[in-house]
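Small disclaimer: the values here were computed from a predicted structure and weren't measured.
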Amino acid sequence: MRIAFFVRHRFHNAILRPIFDELQARHDCLLTHRFDLTVRHRPHVVVQSEGAVPMERLRGMLPSTLMVHTRHGLAAKTVTYRGVMQSDYTCVTSEWVRDQYLLHNAQPRRAFWLTGYSQLDPLFRGEAIALPFAIPENHQRVLIAPTYDRGLSGVPLLNETALRRLLTPGRTVIVKPHPHTEKTFPEWFSMCRELASREENFHFASDAHEDLMAYLRCADVLISDASSAALEFLALDRPIVLLNNPARWNDRHYDPKGLEWRWRDMGEELDDVELLPAAVDAALQN
């Protein structure tokens, strides 16, 4: 069987590469970010993690090829339903999640596959995952992992003053931006990089395409917003603080049906960033 793994964005490697590695010994597999190479491979199956647009384009060029959709992240953001419906098979984490899609009239052309979410496998296995920098063993570790959507992200609340207030003795603060953050918030991206160059215990993942799992694994507490990072961090059963962007109601990706909003009780919600240091302190103490 010929299988093409279409990597629409570099951060999808963390989802697709392990599956590719498992299958390439038994099948004729290709891992690529290029549409032309994907079509030239004449695959029986395309596996991809983006939403509907790549599948729609590939289906036009490969009408008899089956499209498998792994999704990237677990948040809905209004776009996940279209991706499910464009696929032949969509991977989901549970029967409950499958039923939620069906409840909202979103189903693949053939079937759902109850596979779990492959990027999370290292967390469930308890695997040690190396970070690109060292952290003192006795330090508390605060991870900030916001999404990139202008009206949903906690970035507008996290100015330099707010970030510095989290830098207390015995604590390391790490910012892992979404891979699209630099395009949406370039000034904030540059500010974080500059702050990391001046503060020993402030780290910024300037290569935002790195696998998020290493950062989730190391964190004692997560600060996020409407990002899939919060849903993925639930696998570790550690505290979460969720920032509410006041512009969220008008963002085109605000989806009240999505788990990122229906499950807000998974963390402590904050509308005021002034309350963030106290919320983080309380999370680390309990």
Side-chain angles (χ1 to χ4, degrees), residues 9-19 49 70-77 91-94 97 115-137 139-149 152-155 158 163 166 171-181 192 196 201-243 258-260 263-270 276 279-280 282-284 286:
H9 300 289
R10 189 156 55 91
F11 68 93
H12 293 171
N13 271 300
I15 305 167
L16 297 174
R17 168 69 71 171
I19 308 171
S49 302
T70 68
R71 303 178 299 160
H72 67 273
L74 303 176
K77 293 188 176 179
C91 302
V92 292
T93 51
S94 69
V97 170
T115 62
Y117 182 55
S118 66
Q119 191 178 4
L120 282 175
D121 286 353
L123 297 187
F124 284 109
R125 292 174 184 148
E127 295 176 7
I129 315 171
L131 286 170
F133 44 78
I135 301 175
E137 288 188 10
H139 268 211
Q140 298 171 327
R141 302 173 182 193
V142 177
L143 173 64
I144 302 172
T147 193
Y148 71 96
D149 307 270
L152 302 181
S153 177
V155 165
L158 292 167
L163 293 174
L166 298 173
R171 180 183 295 173
T172 292
V173 175
I174 306 163
V175 174
K176 173 62 172 74
H178 188 282
H180 298 329
T181 299
C192 287
N201 294 323
F202 183 88
H203 297 281
F204 180 64
S206 55
D207 181 2
H209 289 270
E210 289 181 283
D211 187 4
L212 175 64
M213 296 307 112
Y215 293 88
L216 295 183
R217 165 62 67 188
C218 86
D220 295 309
V221 60
L222 172 69
I223 300 170
S224 193
D225 38 41
S227 171
S228 288
L231 296 164
E232 293 160 7
F233 197 62
L234 289 173
L236 297 171
D237 195 25
R238 298 174 192 168
I240 301 170
V241 179
L242 298 169
L243 297 173
L259 298 186
E260 65 270 27
W263 287 6
R264 295 306 270 180
D265 59 351
M266 62 186 166
E268 180 177 355
E269 282 190 275
L270 296 182
L276 183 58
V280 171
L284 291 168
N286 184 6

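Put simply, the side chain of T172 reaches to within 4.5 Å of the side chain of P136, judged on heavy atoms. Taking the side chain as every heavy atom from C-beta outward, Q119 and T70 never approach each other to under 4.5 Å. Between C218 and L143 there is no side-chain heavy-atom pair separated by less than 4.5 Å. S49 places a side-chain heavy atom less than 4.5 Å from the side chain of L16. Here the side chains of E210 and Y215 are in contact, with some heavy-atom distance below 4.5 Å.
D121 pairs by the salt bridge (Lys or Arg N to Asp or Glu O under 4.0 Å) definition with R125, not counting sequence neighbours. Annotation: side-chain contact (heavy atoms from CB on, under 4.5 Å) contacts of E268 (sequence neighbours excluded): L270, A279.
With rounding to the nearest 0.5 angstrom, the CD1 atom of I240 is 10.0 Å from the CZ atom of R264. Residue I223 holds its CD1 atom at 11.0 Å from CD1 of I174, rounded to the nearest 0.5 Å. Annotation: the span from D225 atom CG to L243 atom CG amounts to 6.5 Å, rounded to 0.5 Å. Atom NE2 of residue H178 and atom CG of residue D149 lie 7.5 Å apart, to the nearest 0.5 angstrom. For the atom pair CH2 of W263 and CG of L242, the computed distance is 13.0 Å after rounding to the nearest 0.5 Å. Taken to the nearest 0.5 Å, the CG atom of L120 stands 9.5 Å off from the CD1 atom of I15.
Here the side chain of Q140 pairs no donor or acceptor atom with the backbone of D220 at under 3.5 angstrom.
Contact between E232 and G73 at its shortest, heavy atoms only, is OE2-CA, 3.5 Å. Between Y117 and R71, the shortest heavy-atom contact is CE1-O, 3.6 Å. For the residue pair L123 and R217, the shortest heavy atom distance occurs at O-NH2, 2.9 Å. Contact detail for A205 and P177: the closest heavy-atom pair is O-CD, 3.4 Å. Here the closest non-hydrogen pair linking R171 and L284 is NH2-CD1, 3.6 Å. Here the shortest heavy-atom pairing between L163 and C192 reads CD1-SG, 3.9 Å.
Salt-bridge annotation for D207 and R10: present, with a side-chain N of the basic residue lying under 4.0 Å from a carboxylate O of the acidic one.
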Derivation of the side-chain contact (heavy atoms from CB on, under 4.5 Å) call for N13 and H209
CA-CA 9 Å; N13 271 300; H209 289 270; over 6 Å; no
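Classified by interplanar angle (parallel below 30°, tilted 30° to 60°, perpendicular above 60°), the ring pair F11/H72 is perpendicular. Relative ring orientation between Y148 and H180 is described as perpendicular, the plane-to-plane angle rising above 60° on a 0-90° scale split at 30° and 60°.
Applying side chain to side chain contact (heavy atoms under 4.5 Å, CB included) to S227 and the options L212, L74, T147 leaves one that passes, T147.
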